[in-house]
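As the structure is a computational prediction, the values presented were derived from the model and not from experiment.
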Amino acid sequence: MDTPFDLIIVGAGISGIGMAAHMEKLCPGQRYGVIERRAELGGTWDLFRYPGVRSDSDMHTLGFVFEPWRHEKSIADGPAILDYLNRIVDERGIRPKIRFGTRVVSADWDSDGGVWRLELETGGTINRIATRFLYLGSGYYDYDDPHDAGIPGAADFAGRIVHPQFWPADLDYAGKSVVVIGSGATAVTVVPAMAATAAHVTMLQRTPTWMAARPARDGLANFLRRVLPEGWAYRLTRFKNIRLQSFFFHRARADPAKTRAYMTKMTQKELGPHFTERDFTPPYNPWDQRLCLIPDGDLFAAIKAGRANVVTDRIDRIDATGVLLQSGQHLAADVIVTATGLSVTMAGKIAMRLDGVPIDWSQHYYYKACMFSNVPNLAAVFGYLNASWTLRADIVADYICRLINLMAARGATIATPVLPADHGLIDEEAFDLSSGYISRARHLMPRSASDMRWRLNQDYMRDRVWMKRDPVDDGVLRFDRAPAIMQAAE
């Protein structure tokens with residue numbers, strides 16, 4: 001086996017590219033590599049090809065702290081995001097360090113050697129490498145198996161049923177009737193995009209979702225870019241958007257009744273006579289689930305133009321010509337889109353072991369929102385539920401670079417967040433949203449406590465300051481040298 005890498009990054013999406021860019025800047029002497037199972041970089045933005053695919057956060061916060069977003073649209077489509085990621089990779093010399101078309105099958109921590117031993121699969125061939133530190137930027141959902149809602153009768157349908165996660169390139173829906181099952185971020189994106197050419201699109205939902213219309217272009221951001229240096233304009237816009245998002249989230253939690261009334265009024269204003277309480281007033285409070293962003297009110301415009309509508313009901317079954325509802329109503333369809341959600345998985349489905357023993361993530365606590373109790377030299381990114389994913393990816397990458405540099409300075413090869421069995425921590429819910437994909441995966445996820453060091457916090461502004469101020473050597477993180485290295489030195 002070759003000399004171990006200092007760091008292996010799993011995944012060349014937003015998290016992995018962000019970590020690689022931080023390594024180039026902050027850890028220039030460290031040897032790292034990126035393992036990407038797909039043929040291209042981008043992660044989510046390369047996988048999803050459904051009509052209208054776009055960000056559901058503004059790109060001044062979904063963009064990285066170190067790289068300004070230069071496009072005019074703040075709510076960007078998939079191709080624009082891929083352009084942004086490719087530019088970062090090429091300008092920083094990251095691409096040669098990415099191994100495409102390679103899947104990490106397993107990762108086993110070797111305590112004696114102080115390394116993670118990885119088993120990789122490339123085109124049916126198995127290879128093995130070792131790394132001192134392992135960084136999981138593989139996201140949180142299953143790329144192979146989305147959530148199956150188990151709708152009966154699908155085999156009887158004479159048309160075509162597609163899931164947005166596996167959008168077929170040859171799907172022709174022009175002039176056809178479409179039913180989109182679901183009301184989350186994917187559904188509210190697909191419906192107006194398909195409505196542009198389909199005969200009609202119906203969004204079929206079990207319960208409504210809170211929606212917020214906003215301009216796709218950030219007027220202030222575009223003005224600042226014209227009058228200020230690019231970096232200053234980006235930082236000011238980013239600061240503004242982070243503050244506004246945080247204010248609205250905390251306002252919604254502090255006064256849900258007033259927030260409900262405000263958002264209902266805004267939706268009524270957008271839809272006019274097309275508004276119905278049944279279809280657009282959820283039974284839960286705003287930010288009990290993630291809000292759906294409607295750029296330029298495109299979904300509302302499609303409804304007002306008669307190209308789309310919303311139906312709130314439960315499905316009895318799918319039949320040959322469409323969807324039969326429990327109310328008795330029948331929705332005729334040539335195409336059915338099952339935007340029914342994602343399946344959450346831990347560690348990108350990699351078989352993770354500590355000295356040969358499988359890791360049960362539910363028995364470990366988060367440490368500083370990225371490492372795990374009693375698991376050495378491992379970090380992972382799970383972005384914010386109430387803000388953009390990249391905000392967490394940025395602060396985690398910065399922290400891990402500082403940790404790697406401290407280990408190098410001390411001659412340490414192992415860093416372990418040590419949590420004794422009699423820790424006395426008080427568990428708290430890390431994922432305080434009621435979204436289906438979160439609820440279905442709670443039993444798989446690591447634990448979170450009230451103590452800041454042992455929790456996955458959901459407050460970016462607090463996290464950013466705390467992660468900078470709290471020392472890396474905080475009395476919890478234990479630094480060691482691997483026995484095999486100490487023996488070799490002796």
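Every residue meeting the ring pair (Phe, Tyr, Trp, His ring centres under 6.0 Å) condition with F372, not counting sequence neighbours, appears here in chain and number order: W361, Y366. By the side chain to side chain donor-acceptor pair (under 3.5 Å) test, H423 is found to be paired with no residue, residues two or more places apart in sequence or in another chain being considered. With sequence neighbours excluded, the residues that form a side chain to side chain donor-acceptor pair (under 3.5 Å) with T189 are R54. For E121, there are no side chain to side chain donor-acceptor pair (under 3.5 Å) partners, not counting sequence neighbours. Checked against salt bridge (Lys or Arg N to Asp or Glu O under 4.0 Å), R49 has the following partners two or more places apart in sequence or in another chain: D46. Residues forming a side chain to side chain donor-acceptor pair (under 3.5 Å) with D480 (at least two apart in sequence, or on another chain): R478. Partners of D144 by salt bridge (Lys or Arg N to Asp or Glu O under 4.0 Å), not counting sequence neighbours, listed by chain and number: R37, K349.
Residues Y384 and W389 keep their aromatic ring centres 6.0 Å or farther apart.
The salt bridge (Lys or Arg N to Asp or Glu O under 4.0 Å) analysis of residues 375-387, with sequence neighbours excluded, yields no pairs. The stretch residues 403-412 participates, sequence neighbours left out, in these salt bridge (Lys or Arg N to Asp or Glu O under 4.0 Å) pairs: R410-D473. The ring-ring contact (aromatic ring centres under 6.0 Å, His included) analysis of residues 27-46, with sequence neighbours excluded, yields no pairs. The list of salt bridge (Lys or Arg N to Asp or Glu O under 4.0 Å) pairs with a residue in residues 359-386, not counting sequence neighbours, reads K368-D470, K368-D474. Within the structure, no pair that satisfies the ring-ring contact (aromatic ring centres under 6.0 Å, His included) test touches residues 392-411, not counting sequence neighbours.
With values rounded to the nearest 0.5 angstrom, S138 atom OG is found 9.5 Å from E36 atom CD. Annotation: the span from C370 atom SG to L456 atom CG amounts to 9.5 Å, rounded to 0.5 Å. Atom CE of residue M59 and atom CD1 of residue I81 lie 4.5 Å apart, to the nearest 0.5 angstrom.
We find that D398 and K25 are not joined by a salt bridge, their nearest charged nitrogen and carboxylate oxygen being 4.0 Å or further apart.
For the pair R469 and W466, the cation does not sit on the ring face, since its NZ or CZ is not both under 6.0 Å from the ring centre and inside 45° of the axis.
Side-chain atoms of D279 and Q205, non-hydrogen and from C-beta on, do get closer than 4.5 Å to each other. You'll find the side chain of V381 stays beyond 4.5 Å of the side chain of L136, heavy atoms only.
Applying the side-chain hydrogen bond (donor to acceptor under 3.5 Å, both in side chains) test between Y365 and each of R447, R453, R455 identifies R447 as the sole match.
Note on ring orientation: taking the six-membered ring where Trp is involved, the planes of Y50 and F48 are tilted (angle from 30° to 60°). Using cut-offs of 30° and 60° for the angle between ring planes, the F249 and W287 rings count as perpendicular.
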